[in-house]
Trainee: 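Next up is a structure, given as structure tokens.
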2 protein chains.
Amino acid sequence: MTAVLVIEDDDRIRLALLLALEEEGYRAYGVATAEEGLQRQRADPADNVLVDLMLPGMDGFEYIRQLRRDDDVPIVVVSARDDTHDIVAALEAGADDYVVKPVAIKELSARLRALRRRGRAGTTPVSSHVVGELEVSPEEGEVRRAGRIVPVTRTEFRLLCELAEHVGRVLSRRQLLQRVWGYDTGDERLVDVHVGRLRQKIEDDPANPRHLVTLRGLGYKLQR
Amino acid sequence: MTAVLVIEDDDRIRLALLLALEEEGYRAYGVATAEEGLQRQRADPADNVLVDLMLPGMDGFEYIRQLRRDDDVPIVVVSARDDTHDIVAALEAGADDYVVKPVAIKELSARLRALRRRGRAGTTPVSSHVVGELEVSPEEGEVRRAGRIVPVTRTEFRLLCELAEHVGRVLSRRQLLQRVWGYDTGDERLVDVHVGRLRQKIEDDPANPRHLVTLRGLGYKLQR
DNA sequence: CCTGATTTGTCACACAACTGTCATGGAACC
DNA sequence: GGTTCCATGACAGTTGTGTGACAAATCAGG
């Protein structure tokens with residue numbers, strides 16, 4: 001899943017952006033200052049960065065310059081100021097796009113997509129989740145166990161991706177039903193069945209699962 | 001010198017843009033229709049394309065889609081309409097940026113620079129893709145299998161190129177339909193048929209493909 | 001232009017794979 | 001020991017895919 005880092009000091013705007021981005025299918029997280037933004041991006045690099053220009057302490061321009069020293073991530077400025085001088089300065093500093101608040105989330109999302117498309121010129125290393133001897137690669141549409149390809153069905157694959165994206169965290173049947181099947185309501189036993197089938201394929205001893213474990217009364221989780 | 005192609009039917013606006021761009025140090029030339037734009041860009045490729053959306057005959061959206069089939073040049077839409085729906089549609093069609101008229105030339109110039117900066121990153125047009133015993137050469141327009149030339153049709157060739165450019169990655173029928181045929185909508189079975197025909201030519205045992213494999217529910221991919 | 005050959009897209013059918021439901025029995029919890 | 005929760009096997013309905021036939025469109029050559 002595509003991760004987006006939002007740097008914006010106004011709490012309400014930041015939260016609204018994060019919510020809207022998650023709605024669009026991104027994994028989004030935010031910080032309030034440029035300093036935090038630099039730290040965060042170095043520790044856990046996002047695929048896109050959204051940054052406000054007016055920030056307390058280090059401002060957006062300086063943030064962009066500093067980040068660009070060692071990171072080629074697409075940067076989009078989200079600013080309230082619709083001023084040619086600011087736009088030019090931000091782009092010169094190394095930003096890739098500049099949108100003016102208030103921004104339509106659909107537009108923002110489309111611009112992010114366009115940027116990633118362009119950035120991905122050439123060959124991007126395929127991203128995959130590694131959990132112990134298990135490897136789930138959404139891009140290749142493959143699951144490998146100790147290097148060998150394990151054939152899984154589409155539903156199983158989606159389920160596994162969802163679990164792999166949240167390694168170590170419990171996901172309730174309802175959450176899985178919602179995210180994998182898109183069902184708001186429905187029989188939760190359905191999840192059980194597919195978890196069972198998945199275990200047959202990815203576990204050494206399906207009766208005593210080591211990776212895809214049950215947490216009674218809570219749900220399932222994937223663990224290393 | 002950086003060349004820019006401007007496609008805009010309003011003579012005054014087009015000339016004003018051309019003048020301003022030359023002022024900024026670009027070599028700029030323009031045409032009034034999308035059809036001319038396609039022709040011109042194929043005959044003498046510019047480094048950037050500016051295109052209006054509302055054009056007589058073929059509109060800007062269609063222009064972008066058609067050009068994108070075989071040209072990766074950065075495309076900026078310059079439109080009078082400041083409408084989220086248009087913006088999203090243009091970016092989805094393959095545009096890289098969207099600015100609203102009237103536009104400050106300094107901003108436009110900065111956006112073009114930002115685009116080129118990103119565009120050059122890793123855009124090394126590969127002469128041929130090698131996938132196992134298979135060799136796809138976009139430049140020569142040839143497909144070889146174990147050194148022998150395999151005759152494929154134009155559509156098959158495009159399809160194979162698209163798959164070869166993303167070796168190891170799943171491409172959905174919709175993605176293929178979009179990238180190979182330029183269709184936004186349409187019957188996905190069309191892809192199946194062409195994949196089938198391609199298999200007859202490039203696979204040892206077309207019923208058990210080793211390279212051009214199906215990922216049920218996901219799409220197709222080419223694998224080594 | 002005209003004509004025949006090739007290529008392209010549509011359709012329908014058959015088959016295989018997958019999905020969701022249910023019932024049963026077992027395990028964990030109190 | 002009773003209750004809740006979970007695992008699993010079977011099964012019927014659904015969906016997804018491969019393929020051959022065919023007509024429309026396009027191309028090549030006279």
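Chain letters run A, B, ... following the sequence lines, proteins first and then strands; every chain starts at 1.
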Trainee: Do A:V76 and A:L115 come close enough that some side-chain heavy atom pair is under 4.5 Å?
Mentor: yes

Trainee: Tell me if a side-chain donor or acceptor on B:K221 pairs with a main-chain N or O of A:E140 at a distance below 3.5 Å.
Mentor: yes

Trainee: Going 5' to 3' on DNA chain C, which nucleotide is the first and which the last to come under 4.0 Å of a heavy atom in chain A?
Mentor: C:dC18 to C:dC29

Trainee: Between A:R154 (CZ) and D:dT14 (C1'), how many Å, whole number?
Mentor: 12 Å

Trainee: Find the distance between CZ (B:R169) and CD (B:Q175) and round it off to the nearest 0.5 Å.
Mentor: 10.0 Å

Trainee: Round to a whole Å and report the spacing from CZ of B:R197 to C1' of D:dC22.
Mentor: 11 Å

Trainee: Starting at atom CG of A:D192, determine the distance to atom C1' of D:dG9, rounded to an integer number of angstrom.
Mentor: 14 Å

Trainee: Across the strands shown, which category fits A:V195 at heavy-atom distances under 4.0 angstrom: base, sugar-phosphate, nothing?
Mentor: nothing

Trainee: Think B:T214 has a side-chain N or O under 4.0 angstrom from the OP1 or OP2 of D:dG16?
Mentor: no

Trainee: Figure out the CG/P separation between A:L176 and D:dC6, and round it to whole Å.
Mentor: 12 Å

Trainee: Does B:R173 contact D:dG16 through a side-chain donor or acceptor facing the base, at a distance under 3.5 Å?
Mentor: no

Trainee: Phosphate oxygens OP1/OP2 of D:dG16: is one of them under 4.0 Å from a side-chain N or O of B:Y220?
Mentor: no

Trainee: Starting at the 5' end of DNA chain D, which residue's closest nucleotide do you reach first, A:P209 or B:L218?
Mentor: A:P209

Trainee: Is a side-chain donor-acceptor pair under 3.5 Å present for B:Y183 with B:R65?
Mentor: no

Trainee: To the nearest 0.5 angstrom, please state how far the CD atom of B:E142 sits from the CZ atom of B:R144.
Mentor: 5.0 Å

Trainee: Using whole Å, report how far CG of A:L190 lies from P of D:dT14.
Mentor: 16 Å

Trainee: Charged N to carboxylate O below 4.0 Å: is that the case for B:D204 and B:R145?
Mentor: yes

Trainee: For a quick check of understanding: with a heavy-atom distance under 4.0 Å over all strands, which category does B:R199 fall into, base, sugar-phosphate or nothing?
Mentor: sugar-phosphate

Trainee: Between D:dA7 atom C1' and A:L198 atom CG, what is the distance in whole Å?
Mentor: 14 Å

Trainee: Give one of base, sugar-phosphate or nothing for A:F157, where a contact means two heavy atoms less than 4.0 Å apart.
Mentor: nothing

Trainee: Round to the nearest Å and state the distance from A:Q200 atom CD to D:dG9 atom P.
Mentor: 6 Å

Trainee: Using a 4.0 Å heavy-atom cut-off across all strands, classify B:G196 as base, sugar-phosphate, or nothing.
Mentor: nothing

Trainee: Do A:T153 and A:K201 have side-chain heavy atoms sitting under 4.5 Å apart?
Mentor: yes

Trainee: Distance check needed: D:dG20 C1' versus B:R189 CZ, whole Å only.
Mentor: 13 Å

Trainee: For DNA chain C, whose closest nucleotide is more 5', that of A:H194 or that of A:R216?
Mentor: A:H194

